[in-house]
2 protein chains.
Amino acid sequence: MENVKVLVVDDEPNIRDLLATSLRFAGFSVHAVGNGADAVHAAEKGEPDIILLDVMLPDMNGFSVTKKLRSMGIMAPVLFLTARDETEDKITGLTVGGDDYMTKPFSLDEIVARIHAILRRTKQATIEESVLEVGEIKINQDAHEVFVNDELIDLSPTEYKLLRFLMSNPNRVLTKAQILDHVWEYDFNGEMGIVESYVSYLRKKLDPLTTEPLIQTKRGVGYMYKSAKNG
Amino acid sequence: MENVKVLVVDDEPNIRDLLATSLRFAGFSVHAVGNGADAVHAAEKGEPDIILLDVMLPDMNGFSVTKKLRSMGIMAPVLFLTARDETEDKITGLTVGGDDYMTKPFSLDEIVARIHAILRRTKQATIEESVLEVGEIKINQDAHEVFVNDELIDLSPTEYKLLRFLMSNPNRVLTKAQILDHVWEYDFNGEMGIVESYVSYLRKKLDPLTTEPLIQTKRGVGYMYKSAKNG
DNA sequence: GAGATTGCTGTGAGCAATCTGAGAGCGGGT
DNA sequence: ACCCGCTCTCAGATTGCTCACAGCAATCTC
């Protein structure tokens with residue numbers, strides 16, 4: 001994460017701030033703007049490594065913005081943000097080259113993962129690793145495959161995201177609120193009990209194949225993924 | 001703790017004073033205000049390193065305050081204070097970035113610990129250490145793990161908090177009243193006998209693994225955590 | 001040493017946090 | 001339309017924590 005520059009473009013201040021804060025904390029250098037014209041301007045000046053672009057902007061749509069950028073020789077990959085109900089063809093038309101898209105509402109962990117994936121595909125230079133291996137579990141993030149002691153297991157999308165988040169913070173207690181904020185979509189508005197349920201699902205799938213339980217409950221605090229080495 | 005500036009924002013004078021006094025005593029430089037407008041003003045002038053922000057304020061709520069601050073370029077992490085019963089619905093997004101939240105009533109030691117945790121996460125610059133090691137005992141605060149001579153032991157949340165408080169004041173007698181005030185939630189209204197009980201629990205777990213008893217009773221005064229090497 | 005004071009710790013009731021199974025609702029695929 | 005897997009809720013079971021209390025031990029006072 002050696003000073004990767006991200007340009008965030010979204011007209012909703014809440015979403016923009018959420019993204020900016022969250023990505024800054026994830027180690028990116030972030031510049032955030034609220035409309036297409038500013039985006040073009042900022043991209044020209046700032047030479048971002050990747051652009052997060054809402055397709056619905058007040059002045060111009062994401063497609064026009066991208067076209068404009070490309071015509072100016074700015075080839076940074078774009079991660080489009082679209083509403084769930086955008087038409088399928090509109091979206092597929094956008095995702096050419098190194099580009100990708102995510103539907104709103106998204107989860108913060110997923111955004112970060114997606115950015116890493118795109119950077120991995122575009123600049124081989126960075127030493128971004130697509131395989132996350134901690135303790136007895138190995139995740140291949142390109143293939144979305146999870147191996148427990150080299151045995152492939154099948155996880156639902158949410159189970160996968162939860163495990164990935166736990167594994168990217170090994171030996172550190174994560175509160176249920178933190179897990180909810182990072183793994184679930186930002187508009188999720190249920191109870192934290194859902195985290196308990198999914199931890200339960202994960203344990204049922206993982207524990208039979210491991211030598212010791214990997215997800216520990218820290219009563220009154222949260223959960224922790226324990227990696228074997230050290231302590 | 002090299003002159004870290006904390007801005008405390010709470011409209012209840014009791015809580016505000018409690019926090020201010022306690023944080024000053026913990027070595028922070030504190031400025032305290034009672035409403036959102038003053039908070040914005042104070043943050044602008046004072047450039048705090050961290051902000052303790054009650055979400056329920058007379059003029060504006062904590063989120064508006066934060067938004068306002070962020071829009072002004074003030075990026076200091078925020079530790080939100082929320083009532084226990086408004087927890088479930090409104091905490092979404094509070095643990096994103098450097099931010100975190102605590103429910104009222106809280107314990108003072110926990111507030112201090114949380115502030116240190118946040119500073120640790122946000123400014124890697126400062127030499128905030130997540131491992132607290134005094135004498136034969138080592139606490140890993142990220143993992144909430146306690147080692148006695150490198151052997152992992154299991155403590156309940158209250159036992160953990162008590163030990164952490166004792167260890168952060170080594171070679172210094174703490175009265176039962178002080179312990180009660182720092183370790184238990186501020187609205188606790190039981191007897192000081194509870195401190196005796198928990199000291200007893202701790203000793204039962206710690207002493208079998210240490211070369212000498214680490215928690216000393218100063219009859220008529222209080223308790224002292226003794227570290228071998230000076231103090 | 002006797003009585004008073006202070007501290008220690010086992011017991012147990014009540015409670016809070018967590019786990020988990022069952023099932024409702026939704027949506028995608030056939 | 002039907003099936004199937006996934007998400008999420010709910011409630012009962014379970015775990016184990018907190019705290020009060022009471023009797024005992026240690027220490028102090030005279």
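Below, chains carry the letters A, B, ... as their sequence lines are ordered, and counting in each starts from 1.
- Here A:Lys176 does not reach the OP1 or OP2 of C:dA17: none of its side-chain N or O atoms lies under 4.0 Å away.
- Contact annotation for B:Gly220: backbone-only contact, meaning every heavy-atom pair under 4.0 Å involves sugar-phosphate atoms and none involves a base.
- A straight line from CD of A:Glu185 to C1' of D:dC8 spans 13 Å, rounded to a whole angstrom.
- In terms of heavy-atom proximity, B:Ser168 sits nearest to B:Leu132 at N-CD2, 4.5 Å.
- The base of C:dT6 sits with one of its N or O atoms less than 3.5 Å from a complementary donor or acceptor on the side chain of B:Arg219.
- The side chain of A:Trp184 approaches D:dC8 more closely than any other nucleotide in the set D:dC8, C:dC19, D:dA20.
- Atom-to-atom, CD1 of A:Ile179 to P of C:dT18 comes out at 11 Å; the value is rounded to the nearest Å.
- Rounded to whole Å, the distance from CG on A:Leu162 to P on D:dC8 is 12 Å.
- Note on B:Ser200: every side-chain N or O is 4.0 Å or more away from OP1 and OP2 of C:dC8.
- A:Leu180 places its CG atom 14 Å from the P atom of D:dT7, with the value rounded to the nearest Å.
- When the side-chain nitrogen and oxygen atoms of A:Lys204 are compared with OP1 and OP2 of C:dG21, one or more of them lie within a distance under 4.0 Å.
- Put simply, CD on A:Glu159 and CZ on A:Arg203 are 13.5 Å apart, with the number rounded to the nearest 0.5 Å.
- Rounded to an integer number of Å, the gap from CD of A:Glu196 to P of C:dA16 is 15 Å.
- Across C:dG21, D:dT7, C:dC19, the shortest atom-to-atom separation from the side chain of A:Thr158 is found for D:dT7.
- Looking at heavy-atom distances under 4.0 Å, B:Tyr160 makes no contact with the nucleic acid at all.
- Checked against A:Trp184 for a ring pair (Phe, Tyr, Trp, His ring centres under 6.0 Å), the options A:Tyr198, A:Phe165, A:Phe106 give a single hit: A:Tyr198.
- Of the listed nucleotides (C:dT9, C:dT18, D:dC19), C:dT18 has the atom at the smallest distance from the side chain of A:Thr217.
- Atom CD1 in A:Ile194 sits roughly 14 Å away from atom P in C:dC19 (whole-Å rounding).
- Using a cut-off of 4.0 Å between Lys/Arg side-chain N and Asp/Glu carboxylate O, B:Asp142 and B:Arg120 are scored as salt-bridged.
- Proximity note for A:Tyr201 (side chain, C-beta onward) versus D:dT27, D:dT9, C:dC8: the nearest is D:dT9.
- Taking every side-chain heavy atom of B:Ser156 into account, D:dC17 is the closest of C:dC8, D:dC17, D:dC19.
- Atom pair A:Leu206:CG and C:dC19:C1' shows a separation of 16 Å (rounding to whole Å applied).
- Note: CD (A:Glu191) to P (C:dA16) measures 16 Å, nearest angstrom.
- A donor-acceptor contact closer than 3.5 angstrom is absent between the side chains of A:Asn140 and A:Glu145.
- For A:Tyr223, the listed nucleotide lying nearest its side chain is C:dC19; candidates were C:dC19, D:dC10, D:dC19.
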